[in-house]
Structures are given as structure tokens and as C-alpha cells.
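Structure record follows, encoded as C-alpha cells.
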Amino acid sequence: MTTDTQKETLGFQAEVTQLLDLMIHSLYSNKEIFLRELVSNASDAVDRLRFDALSDAALYEKDSDFKIRVAYDKDARTITVSDNGIGMTREGVITNLGTIAKSGTHEFFQSLTGDQQKDANLIGQFGVGFYSSFVVADKVTVRTRYAGLDASMGVLWESEARGEYTLEHIEKPDRGTEVTLHLREDEDELLSGYRLRSIIRKYSDHIMLPIVMKVEEKDKAEDEVVNKASALWTRSKSEITEGEYKEFYKHVSHDFTDPLAYVHSRMEGTQEYIILLYIPSKAPFDLWTREYHHGVKLYVRRVFIMDDAEKLMPRYLRFVRGVIDSNDLPLNVSREILQQSRMIDTIRNNSVKKVLSLFSDLANNDQEKYATFWKEFGRVLKEGAPEDHTNRESIAKLLRFSTTTNPGETQEVSLEDYIARMREGQDKIYYIVADSYAAAKDSPLLEVFKKKNLEVLLLSDPVDHIMMPELREYKDFQFQSISKGEVDLSKFEDEQEKEELQKSAEEAKDLLERLKNVLGEKVKEVRTTNRLTTSPSCLVVDEYGMDPSFKRLLQSAGQAVPEDKPILEVNPQHPVVVRIKNETDEERFSDWANVLLDQAFLSTGEQLTNPVSFVNHLNNLLAQL
């Protein structure tokens, strides 16, 4: 097969140039991780070949002795990392080394802070470790050939990180990839077998493949294996150091920071499998992008099968990283088999329980760590309440809230805390959902609850609108939205209060009828309320109606929403309402009625459909003072 060997110069994608500049400046204090990243990429390339070769054995090219080689040349001042993995085609080289062809690119660059240490962590999350080569090298050369292609289809990629790179076809007899770093002038200390070995053992000891280097003794051309070359997760927990656990996390996650927590468990019985799952200490920048993938790798008998195996972990645990290794699944397992396998269902169910148990352990024994977890991943965990019926009670125990008793945007109150503080005779867990924490905290609907010392959960995350209707109850206590339906607080009222409320309601009957006649189709009903103490009016919806803040959320997403009419509740003891009740001029009464309704709308965070009308009604009243 013949091919054009002409060298071609291409420009980096703009984002790559920006990333290279960022990497060189942000990662210099931790520059030795370049070797970890290159070794990790080499390991992934071998894993990919093993998986593809399950359906096409010809890809092995009669070479199944997988290894990663690290070499250095003092005279040439180079370090080379090579593998006999899957390799890359010309198109693959352009995609992987010349562009950032992955979701979340926009979110990544938006999340950059200018703080080198914080940005370095984001770089790790973004998973572009190859470019860390330029932290220590002023030129990088890559020779690669995709498995199964003719030797003449090798590709040479070279760049000095100045906005462009060159490409040309070369002869490459062996499949796989060879990355050569031409070191910067001040990096000679890396040209040492001892130094390179120490870096490999520090960061890559857990890699399953043998990482080989030439022995240092003169006149010997032998290879020696530098790392342990065994799957870390298969070893006994007592044999694995905390440092090894942390480095393995960085390998599977491409994160530069330590994990927050992890669970390592071997399941035996009718099925045998091992799980090693980690919780990151920081939420990935692209956690909320639509294309976000799961982070659990599936192995079968230590053979890599696939990553992002979403069947292994539910979407609300999409931040979990790690590996699951089964002894019983077939090696040719496919995504279609995963969808239908009872064995996979069992692995998934037990893995989820292990992860939730890990969260529970943190909540009970390390509140500082759990607070960090909740801050980073609490909003995602909430998705589990409507998604995972089996584990709903376990998830509910893990939820944390702001409340009227424990105000502040830091959510610290558990449902157990809430129940322990309930008033005698209280049989409901009260909550309110609003557009923001401030809107929830300052809602007039809270007035009577504060007066009667009834704690209310303050919710403001978009997912809360979906979560709360699904929770329904916790430990026989029903959840009650204070903005839906009628709220019965009679058990917390003495006889005098009940008599006064009943008397006020009786005296307000004519007023309610007049208000309904003026407001007409703008409202579904007008009634007196026991929710308010200092505000004249508020809006609520039927027990099964849609919360106004949820309706606004759907509308902002372009969703069609039903045109439910609100219920106007008025406080018959408020001076404004007393003033309206005694108003005999029908035109002024109409102005008062509309102002009462519009200010109730505004207090819920609603935008007025006709603000000019509100201003006119208000001006009419002010003019007559």
C-alpha cells in the first residue's frame, strides 16, 4: 500500500492553544505528573485494543505481550513513552492531539478562575493529560499506527506548542504509540533512571500492565519491570496503602486532587465481583452538561470491557469514579447485553447500596467531609429521590436542608434533625420551594409558621420541584407544602385564636365576594387565610396544582405549562384589608383589589403580566391620599 508522505502543517484549535498556555504555567509546580499522564494514556490504549480484539483477533498482529516502555537518552535529552496498544489513525491524531473534541469545552473555559492551583485541578478533570508533556518539553514527537493497518500507514505528529503542529505519514512496523519529549534546558534532572523509576512507582505502581525500562547496569540489554503490574483492586485491602488508593483514583479519573472517600469491596457467592469506587472531592465542571457520562469502568476478569458503563451506576450517582470487575460476565459483553443482564442488575444494585452506605458513614462519622460532599454533589443526589424508588428512604436520610430554625444557604439540617425538633402534636414536615434561598426565606407564607415556632424546610434548587412530590413522607410524617392547598394549623391554636379567626372569616364574607367580582377570571378563588400575620395577601395553588416557581422554571426551558389560576388569600386582620372592606367607592375598591393581587404576585417572585396596570392602580390610590 502506498501513501503520501508529504509533511503537512496544521494549526491547533484555539482552545488547545489556550489550554497549552494554561498547562505550562499552572502545572509547573507539579511537573512530574506528565509521566503519570502518558503512562495512563498508554494503559488506556492497551485496554482499548484488548476490548476491540474480542471481536477482531487480527488486531493483535501476533503480539499479545502488552507492555509500556519508558526510556531516556541523555545525549539527545529525550524521554520516550511507548506502548503496543490500539494506536491512532491520521484522523485520530488530529482529533486527539490537535483539537479538543469533547463535550464540556465551553463549560471548562468558563470555569477557569485565574488561580493557577485551582485551574490545575480543572485541567485534570478535563482529561487532557497528554498536553502536560509541554510542561517539561519544548517539543513533542508522536509516532503512532492504528492496529490492523499496513505498516506504511504510520503517522508522525510533532509540535513545539506554538500554535501549530506537523503531520506526515511514516513507516511504523509495530502498532501502538510512541511519545518522545524533547526536554527544556532546565529539566536535566529528569534524565535519570532513578528519577524516572521513582516517579513511576509513586504515580503508576497500580497500572496492570508491566512498565519496563532498561536495566541501569552497563553492557546489559535486559528489561526490568518497574511497577507491581497487578490490578490494584484485586489485592487485599490490608496490602494497599492510602497513597496507592489515591494514585489509582487519579489514574481512573484523570483528576489531580485526592478523592474525598472510597469503598473497596469483594463480593462472593453466586456471583463474584470486586468494586473499587471513589467520590471526588470536587464536582466536575461539566457535571450538569447534557452529554455528561458516567465514570465507572467495567472489567471482566481483569480485562477492560468499557468505560462510562451507565448501566452500572444510576444517573444521580454519575460523579462516582472507579472500577467494577466481574468474574462471571462474558468477555464479549456488549451494551445490549448490559441492558438485559440480571447479573448486571445485581452488580448495580449492590454497588449503589455500597455507595449510599459510604455516604451514610461519612454523614455519621465525619461531618466535615459530608458537608464537603453535600456542597459539591447534594443537588445531584436529590435526583435519586424520584429516580430510585428502592433506595428512596436511604437517600432521604442523606438529604440536607436550610430551614427557618437553621437559616443560611449552607444546608445542614437532616430530616432526623427536623423530626427531633418537631412541636408536640406535629404530624407533618413543612416545606416551601422558591426561585432562590432569599425568596424562600422571606416568603410571607412563612409568617404564621414563625409565629407558632413550626420549622419549615427552605428549598430553592430546581430539582427540589421534582424531588419533593416524590418523597411524600418520611418515617410516617407526610411532607406538606405551605404554598399548596389549605394548611390546617388548628391544633396549634388556642380557643381564643380559633374564635378570632372564625369571627374574622365571617365578617370578611362580603369582602371576599366583592374581591372575586372585581378580579373575575384572574383568580380561581378568594378566601381568608391563617398563613399571614404581617402581610395583607398571598397566592397559593390547589393541593395538586403546579407550584408557581416550578412553572417559571419550565417556561424558561421552553416547556408548555397549564394555565392554572391562583387562589388569592387575604388576611382579614391586616389594616390594608380592613381599609378595603370599608371602601364604598367602587372605582377605588377596584384599584385596591388589583393592587392586593399584584403585590401577592410580586411576593412570590412572579413577573406581572401588565406592570403598567399595576402602576396606574397604585398611582390612583396615591393621588387620593
Side-chain angles (χ1 to χ4, degrees), residues 15-16 18-19 22-23 26-27 30 33 36-37 40-41 44 96 99-132 245-263 275-298 306-324 351-352 355-356 358-359 362 369-384 387 398 461-463:
E15 287 85 352
V16 175
Q18 184 179 351
L19 184 66
L22 177 67
M23 272 203 156
S26 296
L27 294 186
N30 193 25
I33 58 93
R36 179 188 75 190
E37 294 302 306
S40 183
N41 288 346
D44 289 345
N96 294 318
T99 61
I100 303 176
K102 64 181 292 182
S103 63
T105 303
H106 178 68
E107 290 82 359
F108 169 72
F109 285 106
Q110 276 195 325
S111 63
L112 297 177
T113 63
D115 182 312
Q116 289 187 3
Q117 184 173 357
K118 291 180 180 178
D119 288 347
N121 294 336
L122 285 170
I123 291 167
Q125 291 180 8
F126 197 55
V128 284
F130 167 78
Y131 297 121
S132 63
Y245 273 121
K246 290 177 179 178
E247 287 308 321
F248 183 72
Y249 163 75
K250 293 171 184 176
H251 166 65
V252 296
S253 69
H254 294 284
D255 194 350
F256 290 178
T257 58
D258 291 336
L260 184 69
Y262 59 86
V263 57
I275 65 171
L276 176 52
L277 302 173
Y278 292 89
I279 312 305
S281 56
K282 294 286 291 181
F285 65 90
D286 56 349
L287 185 62
W288 300 99
T289 58
R290 186 177 296 274
E291 300 85 359
Y292 186 87
H293 294 295
H294 302 256
V296 176
K297 295 175 180 287
L298 175 63
M306 63 182 72
D307 54 9
D308 301 333
E310 58 190 68
K311 184 66 175 172
L312 296 171
M313 200 59 61
R315 183 163 174 76
Y316 74 91
L317 295 177
R318 58 187 176 272
F319 52 85
V320 174
R321 297 287 186 268
V323 300
I324 295 177
S351 298
V352 169
V355 170
L356 294 179
L358 174 61
F359 297 159
L362 288 178
K369 272 192 176 181
Y370 192 75
T372 299
F373 162 76
W374 184 258
K375 178 184 175 184
E376 297 296 325
F377 303 109
R379 286 173 61 195
V380 192
L381 184 64
K382 287 180 179 181
E383 296 175 12
E387 284 182 21
L398 296 167
D461 290 333
V463 69

Student check: side-chain heavy atoms of [X] and [Y] closer than 4.5 Å:
{"X": "Glu37", "Y": "Phe256", "value": "yes"}
{"X": "Phe319", "Y": "Leu317", "value": "yes"}
{"X": "Val463", "Y": "Val380", "value": "no"}
{"X": "Pro280", "Y": "Phe377", "value": "yes"}

task: Take Lys297 and Asp44, measure what side-chain contact (heavy atoms from CB on, under 4.5 Å) needs, and give me the verdict at the end.
output: CA-CA 11 Å; Lys297 295 175 180 287; Asp44 289 345; 4.3 Å; yes
query: Taking it one step at a time, do Leu381 and Trp374 satisfy side-chain contact (heavy atoms from CB on, under 4.5 Å)?
result: CA-CA 8 Å; Leu381 184 64; Trp374 184 258; 3.9 Å; yes
- request: Decide side-chain contact (heavy atoms from CB on, under 4.5 Å) for Val323 and Phe248; before the verdict, give the C-alpha distance in whole Å, the side-chain angles of both, and the deciding distance to 0.1 Å.
  value: CA-CA 10 Å; Val323 300; Phe248 183 72; 4.0 Å; yes
message: If you take the centroid of each ring, where Trp contributes its six-membered ring, are Tyr249 and Tyr262 closer together than 6.0 Å?
response: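 When the ring centroids of Tyr262 and Tyr249 are compared, they turn out to be at least 6.0 Å apart.
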When rounded to the nearest 0.5 angstrom, what distance separates [atom1] in [X] from [atom2] in [Y]?
{"X": "Ile279", "Y": "Phe373", "atom1": "CD1", "atom2": "CZ", "answer": "6.5 Å"}
{"X": "Asp461", "Y": "Glu383", "atom1": "CG", "atom2": "CD", "answer": "10.5 Å"}
{"X": "Glu247", "Y": "Asp258", "atom1": "CD", "atom2": "CG", "answer": "7.5 Å"}
{"X": "Leu312", "Y": "Ser351", "atom1": "CG", "atom2": "OG", "answer": "7.0 Å"}
{"X": "Met313", "Y": "Arg318", "atom1": "CE", "atom2": "CZ", "answer": "13.0 Å"}
{"X": "Lys246", "Y": "Thr257", "atom1": "NZ", "atom2": "OG1", "answer": "11.0 Å"}

Kindly give the heavy-atom pair with the smallest separation between [X] and [Y], and that separation in Å.
{"X": "Arg379", "Y": "Pro462", "result": "NH2-CD, 4.4 Å"}
{"X": "Thr372", "Y": "Ser281", "result": "CG2-O, 4.0 Å"}
{"X": "Pro284", "Y": "Arg321", "result": "CG-NH2, 3.8 Å"}
{"X": "Val296", "Y": "Val320", "result": "CG2-O, 3.9 Å"}

